[in-house]
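One structure below.
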Amino acid sequence: MAAKIIDGKAISAKMKEEMKREIAELRGIGIFPGLAVVLVGENPASVVYVRNKGKACHELGVHSEEHRLLANSSEEDLLRLIERLNKDDKINGILVQLPLPRHIDERKILEAISPDKDVDGFHPYNIGKLMIGEPAFAPCTPYGVIKMLEHSNIDITGKNAVIVGRSNIVGKPMAMLLLQKNATVTICHSKTNDLPAVCRGADILIAAIGKPRFVTADMVKDGAVVIDVGINRLPDGKLVGDVDYDAVAQKAGYITPVPGGVGPMTITMLLYNTIQSARRAAGKVKAVEV
């Protein structure tokens with residue numbers, strides 16, 4: 001039997017409708033969520049991402065600012081801009097689009113963003129809070145995966161969750177979020193012994209390794225939930241994930257497609273975090289869900 005598809009576009013659309021109502025309520029009491037996106041240079045993929053984030057803000061009614069710097073701008077120029085945005089009460093979230101030009105220290109830039117406006121969830125302060133289970137901004141992609149599982153009524157408690165990939169952006173925070181939901185978590189990487197066997201033990205298998213069609217059907221347990229975080233462009237231009245979708249879909253219980261799976265959730269969670277940041281700044285904090 002073919003796997004049930006976890007439709008990221010549909011879940012994202014549903015969340016956005018809920019967020020529109022929330023933003024309308026906030027505006028009614030004088031709270032106007034604002035997001036600033038900073039782009040250094042003209043990386044084609046980054047330009048598209050920034051444009052999509054601007055469209056999403058407009059769609060939801062979030063105040064949006066786009067700040068562009070030339071590729072040869074100095075690290076000091078970027079730090080000065082971040083300092084100004086940190087002090088700007090109209091801005092609740094700051095996102096510096098990655099990658100940055102090589103002459104700029106990415107770590108220094110991310111650490112310069114106020115943790116209270118770090119809606120991407122990459123500041124060491126927020127990562128540390130996530131590690132010890134305290135309220136924090138969670139990185140958007142793994143946070144989106146959690147929302148997808150919840151919206152699909154997939155119980156995480158007690159499940160064996162295996163993550164293929166240990167990046168700071170996805171793999172490690174994904175593990176912390178799943179642990180907070182009471183999963184038993186294994187993180188796999190290039191040095192893992194007998195990776196296929198470890199993957200076959202997963203009730204929830206998350207592929208985030210950046211290799212096209214790396215996870216094959218023989219690595220998946222019958223009925224497992226398979227979440228494909230990868231997005232890879234083949235030489236013919238086709239976009240594929242880290243999972244061999246056609247074969248794995250015949251074995252899994254649930255699966256996310258690429259495109260249309262995890263991808264749409266990332267920007268959605270960025271805006272979700274921005275709204276929560278605006279609430280915090282105004283002292284109107286909701287119950288923390290993570």
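Each residue takes its place number in the sequence, starting with 1.
When the shell of 6.0 Å around CG of Asn193 is examined, it contains 12 or fewer heavy atoms from other residues, nucleotides or ligands. Heavy-atom neighbours of His58 NE2 from other residues, nucleotides or ligands within 6.0 Å: at or below the threshold of 12. Within a 6.0 Å radius of CG in Asp89, no more than 12 heavy atoms belonging to other residues, nucleotides or ligands are found.
Salt bridge Arg51/Glu66: absent, no basic N to carboxylate O contact under 4.0 Å. Between Lys90 and Asp88 there is a salt bridge, with a side-chain nitrogen of the basic residue lying less than 4.0 Å from a carboxylate oxygen of the acidic one. Under the 4.0 Å criterion applied to side-chain N and carboxylate O atoms, Glu17 and Lys20 are assigned as salt-bridge partners. A salt bridge links Asp203 with Lys221: the distance from a Lys NZ or Arg NE/NH1/NH2 to an Asp or Glu carboxylate oxygen falls below 4.0 Å. Residues Glu22 and Arg279 are paired through a salt bridge, judged by an N-O separation under 4.0 Å between the basic side chain and the carboxylate. Between Lys16 and Glu18, none of the side-chain N atoms (NZ, or NE/NH1/NH2) sits under 4.0 Å from a carboxylate O, so this pair counts as no salt bridge. Under the 4.0 Å criterion applied to side-chain N and carboxylate O atoms, Lys55 and Glu59 are not assigned as salt-bridge partners. Under 4.0 Å is where a charged nitrogen must lie from a carboxylate oxygen, and between Arg21 and Glu25 no such pair does.
Between the side chain of Glu75 and the backbone N or O of Asp105 there is at least one donor-acceptor pair closer than 3.5 Å. Under the 3.5 Å distance criterion, the side-chain polar atoms of Ser73 are left unmatched by any main-chain donor or acceptor of Leu69. In terms of modelled atom types and a separation under 3.5 Å, the side chain of Asn273 and the main chain of Val119 share a donor-acceptor contact. Side-chain N or O atoms of Lys9 include none that pairs as donor or acceptor with a backbone N or O of Pro264 at under 3.5 Å. Judged purely by atom type and a 3.5 angstrom limit, Lys251 uses its side chain to pair as donor or acceptor with the backbone of Val220. Panel note: side chain Asn86, backbone Ala112; a donor-acceptor pair is recorded below 3.5 Å. With Asn92 contributing its side chain and Thr274 its backbone, the two residues share no donor-acceptor pair below 3.5 Å. Asp155 contributes a side-chain N or O that, together with a main-chain N or O of Thr157, makes up a donor-acceptor pair within less than 3.5 Å. Listed for the Arg200 side chain is a donor-acceptor partner under 3.5 Å among the backbone atoms of Asp218. Of the possible donor and acceptor atoms, one in the side chain of Ser277 sits under 3.5 Å from a partner among the backbone N and O of Asp116.
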- Message: For Glu83 and Lys87: C-alpha separation, side-chain torsions, deciding distance, then whether salt bridge (charged side-chain N to carboxylate O under 4.0 Å, His left out) applies.
- Response: CA-CA 7 Å; Glu83 183 179 6; Lys87 296 176 180 177; 3.4 Å; yes
Discussion item. What verdict does the side-chain contact (heavy atoms from CB on, under 4.5 Å) test give for Lys181 and Glu150, after you've listed the backbone C-alpha separation in whole Å, the side-chain angles of each residue and the deciding distance to 0.1 Å?
Written reply: CA-CA 10 Å; Lys181 297 295 183 181; Glu150 290 177 348; 3.1 Å; yes
| Please walk me through it: do Ile156 and Ile146 pass side-chain contact (heavy atoms from CB on, under 4.5 Å)? | CA-CA 9 Å; Ile156 302 173; Ile146 294 294; 4.2 Å; yes
Run the side-chain contact (heavy atoms from CB on, under 4.5 Å) test on His63 and Phe32 for me, step by step, so that the C-alpha distance in whole Å, both residues' side-chain angles and the decisive distance to 0.1 Å come before the verdict. CA-CA 7 Å; His63 169 66; Phe32 302 89; 5.6 Å; no
* Asked: Are Met269 and Met15 close enough, and set up right, to give a side-chain contact (heavy atoms from CB on, under 4.5 Å), and what steps lead you there?
  -> CA-CA 9 Å; Met269 299 315 300; Met15 287 191 65; 3.8 Å; yes
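Geometrically, Arg280 engages Phe137 in a cation-pi contact, judged by NZ or CZ lying under 6.0 Å from the ring centre and within 45° of the ring axis.
Distance check: Leu35 CG to Leu60 CG gives 11.5 Å after rounding to the nearest 0.5 Å. With rounding to the nearest 0.5 Å, the separation of CD1 in Ile113 from CG in Asn126 is 10.5 Å. Here the straight-line distance linking atom CD of Glu106 with atom CG of Leu78 works out to 11.0 Å at 0.5 Å rounding. Taking CD1 from Ile127 and CG from Asp118, the interatomic distance works out to 8.0 Å, rounded to the nearest 0.5 Å. Rounding to the nearest 0.5 angstrom, the gap separating the CD1 atom in Ile204 from the CE atom in Met174 is 8.5 Å. Atom OH of residue Tyr49 and atom CG of residue Leu95 lie 12.5 Å apart, to the nearest 0.5 angstrom.
Looking at every heavy atom in both residues, Ala252 comes nearest to Ala224 through CB-O, 3.3 Å. Listed here is the closest heavy atom pair of Ala208 and Val170: CB-CG1, 3.7 Å. Taking both residues in full, the closest heavy atoms of Val258 and Gly230 are given as CG2-O, 3.5 Å, listed atom of the first, atom of the second, then distance. Closest non-hydrogen pair, Asp242 versus Asp228, comes out as N-OD1, 2.8 Å. For the pair Ala36 and His67, the tightest heavy-atom approach, listed with the atom from each and the gap, is CB-CD2, 4.2 Å. Nearest heavy atom pair, residue Asn43 against residue Ala45, reads OD1-N, 3.0 Å.
Of the residues listed (Val162, Val185, Thr184, Val145), the one engaging Leu178 in a side-chain contact (heavy atoms from CB on, under 4.5 Å) is Val185, and it is the only one.
At a threshold of 4.5 Å between side-chain heavy atoms, the hydrophobic network of Ile, Leu, Val, Met, Phe, Trp and Tyr places Ile255 and Val225 in two separate groups.
In this structure, Met148 and Ile227 have side chains that are not in contact, with every pair of non-hydrogen atoms separated by 4.5 Å or more. For the pair Ser190/Arg166, a side-chain contact is recorded, criterion being any heavy-atom separation below 4.5 Å from C-beta on.
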